[in-house]
Amino acid sequence: MALHVLDEANRCLGCKKPMCQEGCPIHTNIPEVIRLLKANQMDDAGRMLFENNPLTTVCSLVCNHEKQCEGHCIRNRMLSHDPVHFSIIEDYISTTYANKMTAGPAPKNGMKAAVVGSGPAGLTIAVLLARWGYDVTIFDARDKIGGVMRYGIPNYRLPDSVLDDFQYRHLELKGIKVRPNTTIGKTITIDDLFRDGYKSVFIGAGLWKANAMHIKGESLGNVAFGIDYLANSKAFRLGDDVAVIGVGNSAMDCARTAIRNGARHVTCYARRDESCISASEYEVSYAKLEGVGFRFCKTPVEIRENGLICRDTVKGEDGKFTQVEGSETLYPHTGVIVSVSQGSESNLVKTTTGIETNQKGLLSVSEDGRTTREGVFAGGDAVMGARTVVEAVAVAKKVAVAMDEYMKSLPADTDADPYAGIPVFQTPTSDVLGKQQL
């Protein structure tokens, strides 16, 4: 693999105006990273990647490179139309260098910060604040970190081992605490966090509420919502002929996962034509390669135990699609996955005063992530809706700076500890305990 990576690196033209860097949402200095690699300074290249993007090992695998760094590569304008595949280079450097990251936590500055949600935005915030000396605790409703990266991206695209390694090297070794299976907004509220000494709170809760189509049959036993299916696909029994409603990246993940779970036939449905596909070209091409079929201009109107009833749609001169009355057709399937995006579902907002949301239930924030309640910041899907990992990282980097500035502006904590000086119980030694038991 190393030789392949070096071959790819040698194809970089070292442009004075690197379009690849402009195409990256977090402006990774791609030419310099490649230059360092070619100069046998891979540790420096790895350090540069991680300092710019704590989730570089993740982004190298799941970013939409064809529309970002690689899609902007100047080599696309050549006859060969063959860009430098930086994803391969980034994956090699980041995974190799990650094994050397054993440094302990930074000296503490005496202030605590809370992070709600361990998705890409929350993890980025936590790592950056810890670098700057804050005592960080992550609260997550699930038992493992990663959020949508672990529970919304299939293992064949993003192995759990990548996130497990991240937890060890970036959280445990850096002194970041993780409190799993804890939903902020239920037993513990934002007010409780401030009471317990956290100077600021970041809300990075993801979008875990599946959007329903509100058609007859969505409650049947052979139906799954995409976000639920991806979180634990093995729990569902959808048979060997599965319909997937939707043509986004999540729909492709559902379709390809169903294939891996033993479905012999999988078909994706879209109410418009092929131009409406929002999934990346790579994901669609892989889905087709693995046997996933597509039916376009079909609007689902009812789900049944034995299939999906759809009505044809036609495109008018104005570009809008309208349904053709009387064109209903039953397409036989043993199971149906509804993958038409997610929405916000959070007890946190309901139990916290002073935090405003928009009509979609997303948190209202300023440009630097400040919510309408002082000391509470937000970012990621909870603010922008469903976006990519790297977009969440880009926003989180700005919010982390704002949180740092906010906490530094707070007056010094002069509240005395009311229990300072109380006696400390001395635990008996094992010998003493043994004698007492005798």
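Quick caveat, the model's predicted, so the values are computed rather than measured.
Distance check: K144 NZ to D160 CG gives 6.0 Å after rounding to the nearest 0.5 Å. The line from CG of L49 to CG of N29 is 9.5 Å long, rounded to the nearest 0.5 Å. Considering CZ of F377 and CG of D368, their distance stands at 6.5 Å, rounded to 0.5 Å. Residue K398 holds its NZ atom at 14.0 Å from CG of L128, rounded to the nearest 0.5 Å. One finds the CD atom of E8 at 11.5 Å from the CG atom of L37 (value rounded to the nearest 0.5 Å).
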Atom pairs and distances, donor-acceptor, side-chain atoms in residues 244-253, under 3.5 Å, two or more places apart:
{"from": "N249", "atom 1": "OD1", "to": "S280", "atom 2": "N", "distance (Å)": "2.9"}
{"from": "D253", "atom 1": "OD1", "to": "R157", "atom 2": "NH1", "distance (Å)": "3.0"}
{"from": "D253", "atom 1": "OD2", "to": "R157", "atom 2": "NH1", "distance (Å)": "3.0"}

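Remark: D7 does not engage R11 in a salt bridge, criterion side-chain N to carboxylate O under 4.0 Å. Between R35 and E32 a salt bridge is recorded (basic side-chain N to carboxylate O distance below 4.0 Å). Using a cutoff of 4.0 Å between basic side-chain nitrogens and carboxylate oxygens, E283 and R256 are scored as salt-bridged. One finds no salt bridge joining E51 and R131 here, because no Lys/Arg side-chain nitrogen approaches an Asp/Glu carboxylate oxygen to under 4.0 Å.
V376 pairs with exactly one of L363, L193, I203 by the side chain to side chain contact (heavy atoms under 4.5 Å, CB included) rule, that one being I203.
By the side chain to side chain donor-acceptor pair (under 3.5 Å) test, T371 is found to be paired with no residue, residues two or more places apart in sequence or in another chain being considered. By the side chain to side chain donor-acceptor pair (under 3.5 Å) test, R150 is found to be paired with D164, residues two or more places apart in sequence or in another chain being considered.
Pairs passing the ring pair (Phe, Tyr, Trp, His ring centres under 6.0 Å) check and including a residue from residues 51-78, sequence neighbours excluded, do not occur. Listed by first and then second residue, the ring pair (Phe, Tyr, Trp, His ring centres under 6.0 Å) pairs involving residues 155-196 are F50-H170, F166-H170 (not counting sequence neighbours). Every pair tested for ring pair (Phe, Tyr, Trp, His ring centres under 6.0 Å) that includes a residue from residues 110-135 fails, sequence neighbours excluded, so the list is empty.
A donor-acceptor pair shorter than 3.5 Å cannot be found between the side chains of D191 and T189. Donor-acceptor pairing under 3.5 Å is lacking for the side chains of N53 and K397.
Counting heavy atoms from C-beta on, the side chains of K288 and F294 come closer than 4.5 Å.
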